[in-house]
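Residue numbering restarts at 1 for every chain, and letters A, B, ... go by the order of the sequence lines.
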Amino acid sequence: MSQPQTAITPTREQDFPEWYQQVVRAADLAENSDVRGCMVIKPWGYGIWENMQRALDGMFKATGHKNAYFPLFIPLSYLAKEAAHVEGFAKECAVVTHHRLESDGKGGLRPAPAAQLAEPLVIRPTSETIIGATYAKWVQSYRDLPILINQWANVVRWEMRPRVFLRTTEFLWQEGHTAHETEKEAREETMQMLRVYETFARDWLALPVFTGEKSAGERFPGAVQTLCIEAMVQDRKAIQAGTSHFLGQNFAKASDIKFISRENKHEHAWTTSWGVSTRLVGTILMAHADDDGAVLPPRVAPEHIVIIPITPKPEMRDAVLPACDALAAELRKQTFGGEPVRVHVDKRDLGGGVKSWEWIKKGVPVRVEIGMRDLEKGSVAVARRDRGHKDKTFPATADFTSGIAGLLQEIHDSLLDRATKLRDAHTVKIETKDEFIAFFTAKNPAKPEIHGGFAVAHWDGSAEVETEIKEQLKVTIRCIPFDAPLEDGKCVWSGRPSVRRVVFAKSY
RNA sequence: CGGGGCGUAGCUUAGCUUGGUAGAGCGCCUGGUUUGGGACCAGGAGGUCGCAGGUUCAAAUCCUGUCGCCCCGACCA
């Protein structure tokens, strides 16, 4: 039977959003549930998340944080305490109003009117308020600070338009919440955690990111300063992949986190919060996947290697299967990124081609085939997911085994390199308004082709310019990069004086 | 919430304009031949056509209502 040229249709070029959905489906990562906007994360997708969790959790612990868990429900009044925060989240909250159901007399159920809650409970869209209320009880003295806590949790934000992994109504994330004695300490914490995210993105996810500060317009509701990592994906849009907020004393005042200072004075604590979510799973797909499906960065791939026994005749199984198990056992003794190499032997009685394509679509970094010919020669057939699907090498088995960590690292490096080149090729300095508009305007408005990228341009710092650009072009300031040098220039939009360039892009 | 579109087997869908007992492909099951790149042959299971009401001798098809989903916009990790 004739097959399409690519495992995924449409291709990225033909229809990027649809391609993305097909990749998620073909890789068996997640599916839509019966609840709008909520997804079922399947084992392969959840395995990626677990690997991300494990790595991040280690990094949080290494920087002095502990895990804890706070309630899912937030009293309505808590959320109302911080004005900007309320405004930011009020329109996307799920609210619980009853605690019991009763028969509606028609075979169905309804909330029991008698069981209405005196105060409605909001399902956390984020936990600043409830954690703040808790910290207020914990903190009496400067000796109680800092508090360095992270929680792994689910949150709910009733977004208008969900997209699997990138923006689901319920999503999984971690949220770090810290409280400090001084502003300086809190600011250092904010920056430290952003650096953790940057490192994680680069060294685990093979994502080069821009790091910087959000403009006031893009800031987290209630924050004094929002730092972020921004990744570019293959349709050249930006994805905010992680954020770290310096909250000043805003939430401490709202939640009354006070302590007696070294000078015997009442002071409000300085707090931070920082998070990354299952959006990262969507981000690595959009960044690395190709027209044959997912391409997983080795460090977070649920399996590093899949071994496919090739047994054209049933009697060959007796020779080939033990050899596959033996190779798997040897490989598992190797380590990569500080963890044992993860290997799966696919013994299902299916055609070799069918199995190969399944694993290609799932994005396993390395595929190994072993048949009688390989046993005779003492070699294995090896294919890397970052190369063409017919591009195979035939190393001696022992060499392959001893070199596996190097190979996986090479794959990681090649993904990072590819992503960096894509980003750099579409990150351009723009000087004039006409150029700026042209850069962000598709040639075919009816069905926009992949266009644009990151525009590094001068901005006069005004909210009006930011708003106008957003309204006219759907382009936002992604970040004010830390490494942007101070230089005199003219705002690309208003022509007014500017002292530095910022990064503009369309975003998810 | 505005503007479009769609609900038929696990999935993708044909049939609807012009009413007449539900069709295909993929997937699934069984047997055989296969397996180093998405196999083939034969047989088989699976659908009260989203839901409720109406018109009619007769409704997937026409009418009314209702629920849900998808896409585009406003909103967003």
So which nucleotide from [options] ends up closest to the side chain of [X]?
| X | options | result |
| --- | --- | --- |
| Arg373(A) | rA74(B), rG36(B), rC76(B) | rG36(B) |
| Glu92(A) | rG36(B), rC76(B), rU35(B) | rC76(B) |
| Arg161(A) | rG38(B), rA74(B), rG36(B) | rA74(B) |
| Trp357(A) | rG38(B), rA77(B), rG36(B) | rG38(B) |
| Ala7(A) | rG38(B), rU35(B), rA77(B) | rG38(B) |

To the nearest angstrom, how far is [X] atom [atom1] from [N] atom [atom2]?
| X | N | atom1 | atom2 | answer |
| --- | --- | --- | --- | --- |
| Ile370(A) | rG36(B) | CD1 | C1' | 13 Å |
| Arg157(A) | rC75(B) | CZ | C1' | 12 Å |
| Lys390(A) | rG36(B) | NZ | P | 13 Å |

When we call it a touch if two heavy atoms are under 4.0 Å apart, what does [X] touch: a base, just sugar-phosphate, or nothing?
| X | value |
| --- | --- |
| Thr278(A) | nothing |
| Met372(A) | base |
| Arg25(A) | sugar-phosphate |
| Leu350(A) | base |
| Lys214(A) | nothing |
| Ser277(A) | base |
| Phe220(A) | nothing |
| Lys392(A) | base |
| Asn32(A) | nothing |
| Leu280(A) | nothing |
| Gln240(A) | sugar-phosphate |
| Ser507(A) | nothing |

ask   = Are Trp274(A) and Phe60(A) close enough that their ring centers fall under 6.0 Å?
value = yes

message = Ring centroids only, cut at 6.0 angstrom: are Phe440(A) and Phe436(A) within range, meaning strictly under it?
response = yes

query = Is any NZ, NE, NH1 or NH2 atom of the basic residue among Glu230(A) and Arg478(A) found under 4.0 Å from an Asp or Glu carboxylate oxygen of the other?
reply =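 Yes, Glu230(A) and Arg478(A) are salt-bridged.
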
request  = May I ask you to say whether Asp290(A) pairs ionically with Arg385(A), meaning some side-chain N is under 4.0 Å from a carboxylate O?
outcome  = yes

Name the pairing partner of [N], where a pair is Watson-Crick or G-U wobble with both distances under 3.5 Å, or state none.
| N | result |
| --- | --- |
| rC76(B) | none |
| rG7(B) | rC67(B) |
| rU33(B) | rA39(B) |
| rU21(B) | none |

Please measure how far the [atom1] atom in [N] lies from the corresponding atom in [M], and state the result in whole Å.
| N | M | atom1 | value |
| --- | --- | --- | --- |
| rU55(B) | rA14(B) | P | 31 Å |
| rC16(B) | rG31(B) | P | 41 Å |
| rU12(B) | rG53(B) | P | 28 Å |
| rG43(B) | rG36(B) | C1' | 31 Å |
| rA60(B) | rC6(B) | C1' | 15 Å |
| rA59(B) | rA22(B) | C1' | 13 Å |
| rG3(B) | rG46(B) | P | 44 Å |

message = For the backbone of Ala153(A) and the side chain of Arg124(A), can you confirm whether one donor and one acceptor N or O come within less than 3.5 Å of each other?
response =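 No: the side chain of Arg124(A) does not pair with the backbone of Ala153(A).
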
inquiry  = Classify the ring geometry of His85(A) against Phe251(A): parallel below 30°, tilted from 30° to 60°, perpendicular beyond 60°.
reply    = perpendicular

query = At under 4.0 Å, does any side-chain N or O of Gln21(A) touch on OP1 or OP2 of rC71(B)?
reply =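 Indeed, a polar side-chain atom of Gln21(A) lies that close.
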
query = Is it true that atom CD of Glu87(A) has more than 12 heavy atoms of other residues, nucleotides or ligands lying nearer than 6.0 Å?
reply = no

ask   = If you find the nucleotide of RNA chain B closest to Phe165(A) and the one closest to Ala383(A), which residue's nucleotide is nearer the 5' end?
value =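 By nearest-heavy-atom nucleotide position, the 5'-most residue is Ala383(A).
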
task = Take Val354(A) and Ala381(A), find for each the nucleotide of RNA chain B with the closest heavy atom, and name the residue whose nucleotide sits nearer the 5' end.
result = Ala381(A)

